[in-house]
Participant: 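Next up is a structure, given as structure tokens.
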Amino acid sequence: MRVLVTGGAGFIGSHIVTALTARRHEPVILDALLPAAHPDAPPLPEAEFLRADVRDADAVRAALRAVDAVCHQAAMGGLGKDFADAPEYVGCNDLGTAVLLAQMAETRVRRLVLAGSMVVYGEGRYTCVSHGTVRPGPRRAEDLAAGRFEPRCPDCGAELAPGLVGEDAPMDPRNVYATTKLAQEYLAASWARCTEGRAVSLRYHNVYGPGMPRDTPYAGVASFFRSALARGEAPRVFEDGAQRRDFVHVTDVAAANSVALDAVAGLPGGTLRAFNTGSGEPHTVGEMAAALAAAYGGPAPEVTGEFRLGDVRHVTADSGRLRRELGWRPEVGFVEGMAEFAQAGQRASAGSVG
């Protein structure tokens, strides 16, 4: 199968290209190599490469010739610095997706795997002893400043127990990036309905592994900590470090994309199917920082009590649907993955020094 991989020179995209090649597919990379993500020319996988922006309709149309499916990874990631980033996020993520889908409609490419995200859920799944499953509202700045990090029951104010989030949970994006990722799914669902296309959205949880960019506000927390250790500094853990996440290795995410590309043709026409893509092994941010620092041999993490309003407290995946329906299984465990990542190289970013 000939597969166009947008963002195929990036962190996750390059691993997907490698996985597709190993499965005897023919990946074609489309990547703008924007300076914000690639200040230096990155090493490219062995595949056909087209340097173009996904917002360039003519270039995308040309790239789609003789393509069987699209794996759409091109996006601006992370929480960013502040709301001033909003136009760039919307332009890269939503306009870029709209241009791609319009050209897929015109060229009659009908299979799509989208890089979704767990951020579309906002806060994760919580249970109150008295009120069952509840949806806490956004955390207040005054509570966070006072060290009250845990969401409370919106009905009685009691403590809540966090649980695993399923794909049918309500959507509740809490920041600009999350909003653009949800918009991408809505655009893809609309494209599928209008064209009888078939789409899968893989809602990635916290992806980490070799080749993550360093020293950038647009990368994930694992990259922040690994970058600090490389500078000889202690990882700075926000809040109290007890935030629960699902850290999934990039090679497992690449494998999920490969499996989804094989399976998407079997979906009914006109549908989008979402799948959580996580390890199934929740850990706190503090545990991750400690494991990474120990494996690196660097300074122990520093818990700072700082916070970012756009962050959520707990969100961990129930990835059972992906296992049951597509037969995917993660292969890299937390301890093994963090030990590897501690010694792996990182790619340069626009904020990198040296």
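Not measured: the values here are computed from a predicted model.
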Participant: Decide side-chain contact (heavy atoms from CB on, under 4.5 Å) for L33 and F49; before the verdict, give the C-alpha distance in whole Å, the side-chain angles of both, and the deciding distance to 0.1 Å.
Facilitator: CA-CA 11 Å; L33 299 183; F49 174 72; 3.8 Å; yes

Participant: Under 3.5 Å, is there a donor-acceptor pair between the N257 and Q73 side chains?
Facilitator: yes

Participant: When hydrophobic residues are tied together by side-chain contacts of less than 4.5 Å, even through go-betweens, does V248 share a cluster with F224?
Facilitator: yes

Participant: Would the number of heavy atoms belonging to other residues, nucleotides or ligands and lying under 6.0 Å from CD of Q343 be above 12?
Facilitator: yes

Participant: Heavy atoms, side chains only, cut-off 4.5 Å: are R139 and E123 in contact?
Facilitator: yes

Participant: For the CD atom on E159, are there more than 12 heavy atoms of other groups (residues, nucleotides or ligands in this structure) within a distance under 6.0 Å?
Facilitator: no

Participant: Measuring only between side-chain heavy atoms, which start at C-beta, is L4 closer than 4.5 Å to C71?
Facilitator: no

Participant: Carefully, step by step, assess H205 and T277 under the rule side-chain contact (heavy atoms from CB on, under 4.5 Å).
Facilitator: CA-CA 6 Å; H205 282 247; T277 307; 5.8 Å; no

Participant: For the residue pair L229 and P299, establish whether any side-chain heavy-atom pair is separated by less than 4.5 Å.
Facilitator: yes

Participant: What residues, two or more places apart in sequence or in another chain, satisfy side chain to side chain donor-acceptor pair (under 3.5 Å) together with R111?
Facilitator: none

Participant: For R231, check side chain to side chain donor-acceptor pair (under 3.5 Å) against everything at least two apart and list the hits.
Facilitator: D215, E233

Participant: Check for me, please, whether V113 and V54 land in the same ILVMFWY cluster - side-chain distances under 4.5 Å, paths through other members count.
Facilitator: no

Participant: Between S190 and Y186 (side chain of the first, backbone of the second, donor and acceptor by atom type, cut-off under 3.5 Å), is there such a pair?
Facilitator: no

Participant: Scan side-chain atoms only and decide if R125 and T133 contain a donor-acceptor pair under the 3.5 Å cut-off.
Facilitator: yes

Participant: Under the side-chain contact (heavy atoms from CB on, under 4.5 Å) criterion, do Q346 and S227 qualify, and how do the steps go?
Facilitator: CA-CA 8 Å; Q346 290 181 273; S227 298; 3.5 Å; yes

Participant: Any luck finding a side-chain donor-acceptor pair between T284 and R244 under 3.5 Å?
Facilitator: no

Participant: Atom CG in L267, atom CG in L272: separation rounded to 0.5 Å?
Facilitator: 8.5 Å

Participant: Backbone N or O of V165 within a donor-acceptor pair of the D318 side chain at under 3.5 Å?
Facilitator: no

Participant: Any donor and acceptor pair, going by atom type alone, linking the side chain of H15 with main-chain N or O of G211 inside 3.5 Å?
Facilitator: no

Participant: Is there a side-chain contact between S279 and F247 (heavy atoms, below 4.5 Å)?
Facilitator: no

Participant: Quick one: does R245's side chain get under 4.5 Å of Q243's, heavy atoms only?
Facilitator: yes

Participant: Scan for ring pair (Phe, Tyr, Trp, His ring centres under 6.0 Å) pairs involving residues 274-306, sequence neighbours excluded, and state none if there are none.
Facilitator: H283-F334

Participant: Would a single hydrophobic cluster contain both M104 and L202, if residues Ile, Leu, Val, Met, Phe, Trp and Tyr are joined by side-chain heavy-atom contacts under 4.5 Å?
Facilitator: no

Participant: Less than 4.5 Å apart, any side-chain heavy atom of R135 and any of P170?
Facilitator: yes

Participant: Using only heavy-atom distances, determine whether the side chains of R203 and Y121 contain a donor-acceptor pair under 3.5 Å.
Facilitator: yes

Participant: Quick check against the 3.5 Å criterion: does K181 have a side-chain atom that pairs as donor or acceptor with the backbone of A115?
Facilitator: yes

Participant: Check the side chains of T316 and D246 for a donor-acceptor pair under 3.5 angstrom, ignoring hydrogens and angles.
Facilitator: no

Participant: Will you find, in the side chains of D262 and H25, an N or O donor that is under 3.5 Å from an N or O acceptor?
Facilitator: yes

Participant: Indicate, with yes or no, if L64 and L114 share a hydrophobic cluster defined by side-chain heavy-atom contacts under 4.5 Å among Ile, Leu, Val, Met, Phe, Trp and Tyr.
Facilitator: no

Participant: Decide yes or no on side-chain contact (heavy atoms from CB on, under 4.5 Å) for R152 and L160, but give the supporting numbers first.
Facilitator: CA-CA 6 Å; R152 295 281 178 158; L160 299 173; 5.6 Å; no

Participant: Decide whether Y208 and L292 are clustered together by the hydrophobic rule: side chain heavy atoms of Ile, Leu, Val, Met, Phe, Trp, Tyr closer than 4.5 Å, transitively.
Facilitator: yes

Participant: Taking the side chain as C-beta and beyond, is there a heavy-atom pair between D53 and D31 under 4.5 Å?
Facilitator: no

Participant: Search all heavy atoms of V237 against all heavy atoms of A289 and return the closest pair with its distance.
Facilitator: CG2-CB, 3.7 Å

Participant: Is the shortest side-chain heavy-atom distance between I16 and I12 below 4.5 Å?
Facilitator: yes

Participant: Not counting sequence neighbours, which residues clear side chain to side chain donor-acceptor pair (under 3.5 Å) with S319? List them please.
Facilitator: none

Participant: Please walk me through it: do T304 and R236 pass side chain to side chain donor-acceptor pair (under 3.5 Å)?
Facilitator: CA-CA 6 Å; T304 69; R236 293 174 59 82; 4.7 Å; no

Participant: Checking the side chain of T18 only, and the main-chain atoms of S14 only, is there a donor and an acceptor separated by less than 3.5 Å?
Facilitator: yes

Participant: Can you see whether H72 engages T97 through a side-chain donor-acceptor pair at a distance of less than 3.5 angstrom?
Facilitator: yes

Participant: Test of understanding: with side-chain contact (heavy atoms from CB on, under 4.5 Å), list the residues that count as partners of V90, not counting sequence neighbours.
Facilitator: D94, T180

Participant: So, R321 and D168, do they make that salt bridge, N to O below 4.0 Å?
Facilitator: yes

Participant: List for me each residue that meets side chain to side chain donor-acceptor pair (under 3.5 Å) alongside T251, sequence neighbours excluded, and say none if there are none.
Facilitator: H249

